[in-house]
Amino acid sequence: MRFSYVTLFEGLIASYFEDSILKRAIAKELLSVEFFNPRDYTLNKHGKVDDYQASGGAGLVFFPQPLFDLLRSIKHASPEAYIIFPTPSGKLFTQNDAKRLAKKKHLVFVSGRYEGIDERVIETFADELFCIGDYVLTGGELPSLVMSDAISRNIKGVLGNEDSLSMESFESPLLEAPCFSKPPIYENKSVPSEFLKGNHAKITSLKNKMSESKTKYFRPDLFSRFNAKH
Ligand code: SAM
């Protein structure tokens, strides 16, 4: 997978790939990461990429020219590039999107700043728009990283143990059951005794029950979807 980031702030994104699972994925050549700064494509000599809104009112927006030129050159060099705009106006990003997008070869994330991006850029280049939650962030860098991270986990070879994917939250309508480690009792709190007896059928049955009650409590919206199917 090739990830391209269009951003004014490369450092915010680059540092995330300098540790842990995604660093190893780059070393194994499962991922590659590159950056494009819209300022390098602007035709004005001050490197300006933002301007006042045509409608008047508070706040600046990315004006079209630098992003048109930049995205056109990416598309020209890589026709398979699939362009994603993080924006509060997009559809909510989900695990299904992460799995679907993990099958692409080249994803481009265009990070907005200010009040956002001139709509004509989005109309011309967007393959998809995604929102990562109902709140507003200062820029698209975090949403781009959130999506890239979730997508990367679904690329074969990125996770050490791919079995860990199948039981996770959002793989079914239910959240994952609570996890426990050692010791069996810590500060008077016990691991469920069934977990320690080694009967895998009973452990699975208990985990399913815990999964249901956790989902019912924390995510009644998911639980009603689960109920409708059973
Ligand atoms: N004026 C915009 C609005 O009200 O929808 C918000 C602009 S926000 C300050 C700047 C940039 O941050 C956006 O262009 C987008 O790239 C990113 N952004 C902010 N919140 C986001 C969210 N919840 N999901 C995805 N992207 C977001």
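Remember, it's 1-based here, ligands and their atoms both numbered in the order they're listed.
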Any N/O of [X] closer than 3.5 Å to an N/O of ligand 1?
{"X": "Gly133", "result": "yes"}
{"X": "Val110", "result": "no"}
{"X": "Thr87", "result": "yes"}
{"X": "Val136", "result": "no"}

Would you mind running through ligand 1 and noting each atom that sits below 4.0 Å from a heavy atom of [X]?
{"X": "Thr138", "answer": "10 (C)"}
{"X": "Gly140", "answer": "12 (O), 16 (O), 17 (C)"}
{"X": "Phe130", "answer": "25 (C)"}
{"X": "Gly116", "answer": "14 (O)"}
{"X": "Pro143", "answer": "25 (C), 26 (N), 27 (C)"}
{"X": "Glu115", "answer": "1 (N), 2 (C), 7 (C)"}
{"X": "Ile132", "answer": "24 (N), 25 (C)"}

Identify, for [atom], the protein heavy atom at the shortest distance, and state residue, atom and that distance.
{"atom": "atom 14 (O) of ligand 1", "value": "Gly112 CA, 3.5 Å"}
{"atom": "atom 20 (N) of ligand 1", "value": "Leu137 N, 3.0 Å"}
{"atom": "atom 3 (C) of ligand 1", "value": "Pro88 CG, 4.2 Å"}
{"atom": "atom 23 (N) of ligand 1", "value": "Tyr135 O, 2.8 Å"}

Would you please classify the geometry between the Tyr5 ring and the Phe17 ring as parallel, tilted or perpendicular, with 30° and 60° separating the classes?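 Geometry flag for Tyr5 against Phe17: tilted rings.
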
If only side-chain N and O atoms count, and only distance matters, is there a donor-acceptor pair under 3.5 Å linking [Y] with [X]?
{"X": "Glu212", "Y": "Asn208", "result": "no"}
{"X": "Gln53", "Y": "Glu115", "result": "no"}
{"X": "Glu176", "Y": "Ser169", "result": "no"}
{"X": "Asn44", "Y": "Thr42", "result": "yes"}

Quick one: ring-ring contact (aromatic ring centres under 6.0 Å, His included) pairs with a partner in residues 130-169, sequence neighbours left out?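 Residue pairs passing ring-ring contact (aromatic ring centres under 6.0 Å, His included), neighbours aside: Phe93-Phe130.
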
Residue pairs meeting ring-ring contact (aromatic ring centres under 6.0 Å, His included), one or both in residues 138-194, sequence neighbours left out, come to Phe180-Phe195

Side chain to side chain, Pro38 and Leu8, heavy atoms closer than 4.5 Å: yes

Atom pair [atom1]/[atom2] of [X] and [Y] - distance to nearest 0.5 Å:
{"X": "Met1", "Y": "Lys104", "atom1": "CE", "atom2": "NZ", "value": "9.0 Å"}
{"X": "Ile83", "Y": "Leu71", "atom1": "CD1", "atom2": "CG", "value": "5.0 Å"}
{"X": "Phe36", "Y": "Leu67", "atom1": "CZ", "atom2": "CG", "value": "12.5 Å"}

With a 4.0 Å heavy-atom cut-off (strictly under), which part of Pro86 contacts ligand 1: side chain, backbone, both or neither?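 It is both parts that get close, each with some atom under 4.0 Å.
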
Select one of side chain, backbone, both or neither to describe which atoms of Tyr114 lie under 4.0 Å from any atom of ligand 1, heavy atoms only. backbone

Are any of the heavy atoms in Phe93 under 4.0 Å away from ligand 1?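 No heavy atom of Phe93 comes that close to ligand 1.
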
So is Ile117 close enough to ligand 1, meaning a heavy atom under 4.0 angstrom away?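 For ligand 1, residue contact (heavy atoms, under 4.0 Å) with Ile117 is absent.
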
Aromatic ring centroids of Phe223 and Tyr217 under 6.0 Å?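 Not under 6.0 Å, so no.
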
Establish whether atom 5 (O) of ligand 1 and some protein heavy atom are separated by less than 4.0 angstrom. yes

